[in-house]
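Positions are given from 1, in the same order as the sequence printed here. Whatever order the structure lists ligands and atoms in, that order sets their numbers, starting from 1.
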Amino acid sequence: MDGNGRWAKKQHRPRIYGHRIGMDNVQKITLAADRLGIKVLTLYAFSTENWARPKEEVAYLMNLPVRFFDKYMPTLIENNVKVNIMGYLDELPQKTYDVVKKAMEQTAQNTGLILNFAFNYGSRKEIVTAVQELAKEVEEGKLKSTEIDEQAISQHLMTAKFKEFGDPDLLIRTSGEQRISNFLLWQIAYSELAFSNKNWPDFDEDDLKNFVENYRHRDRRFGKI
Ligand SMILES: CCc1cc(N2CCCCCC2)n2ncc(-c3ccc(F)cc3)c2n1
């Protein structure tokens, strides 16, 4: 969800205006993804590196989840959307933590599209945490080191709960940036990558439809001929 600041600059508005319009676009794209039959939509909302941004911007961003659920929770529930937030949530401000926890509890029984926010998330930190947990199990004699395989690592990642859906099929990054930027590094090993030159606030349902349609015509090899 890149390009909110640049979008705001083009509108001669402050960066935080881009974030707020970007937040509204999260709702639009969530419902569009649901209509396209997407099972899990993971949105990279805040990386572990984003804490380095100006403190006023971080403070504004930390309040966006509160605004998002205040405005959109009724529609999310109406559309049977299940909310999940994955990240180092214990490092969030109490108010932010409380609202994301409540959103997950309120939608836990929903069975529709899973809206998964990567929030205070970083893939390398996620992998280090998984390795540390596995090493601890070996130390405690619960696991042999030879039993550490791809499945064991996957099961210790924050996406373990999405096992039934498999790894991401398609990763889209907006704003023309063609970098992964420490997002789901393990999980996207065989994902199709797509890049939109549009800034996130301009990325709409037709763009998503086109990327999914293009994906459906790609021949995925998974390393084979
Ligand atoms: C704190 C980072 C951030 C930034 C952000 N922006 C700003 C930059 C990215 C573009 C989208 C709008 N949004 N939009 C929704 C959320 C959100 C996160 C968790 C949650 F449970 C509910 C909503 C959000 N979070």
Grab the two heavy atoms, one from [X] and one from [Y], that are nearest each other, plus how far apart they are.
{"X": "S175", "Y": "N199", "result": "CB-OD1, 3.3 Å"}
{"X": "A33", "Y": "L41", "result": "CB-CD2, 4.1 Å"}
{"X": "G18", "Y": "A8", "result": "N-CB, 3.7 Å"}

**Study point:** Heavy atoms from other residues, nucleotides or ligands near CZ of R124 exceed 12 (cutoff 6.0 Å)
**Key:**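 No, not enclosed.
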Exercise for review: Let me know which protein residues bring a heavy atom to under 4.0 Å of ligand 1; chain then number is fine for ordering.
Suggested key: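 Contacting ligand 1 under 4.0 Å are M1, N4, H19, G22, M23, V26, A45, F46, L61, L64, P65, F68, F69, I85, V100, F117, F119, W200.
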Review point. Do Y17 and Y60 make the cut of ring centroids closer than 6.0 angstrom?
Key: no
Review point. Knowing that exactly one of E133, Q132, E126 qualifies, which makes a side chain to side chain donor-acceptor pair (under 3.5 Å) with H156?
Key: E133
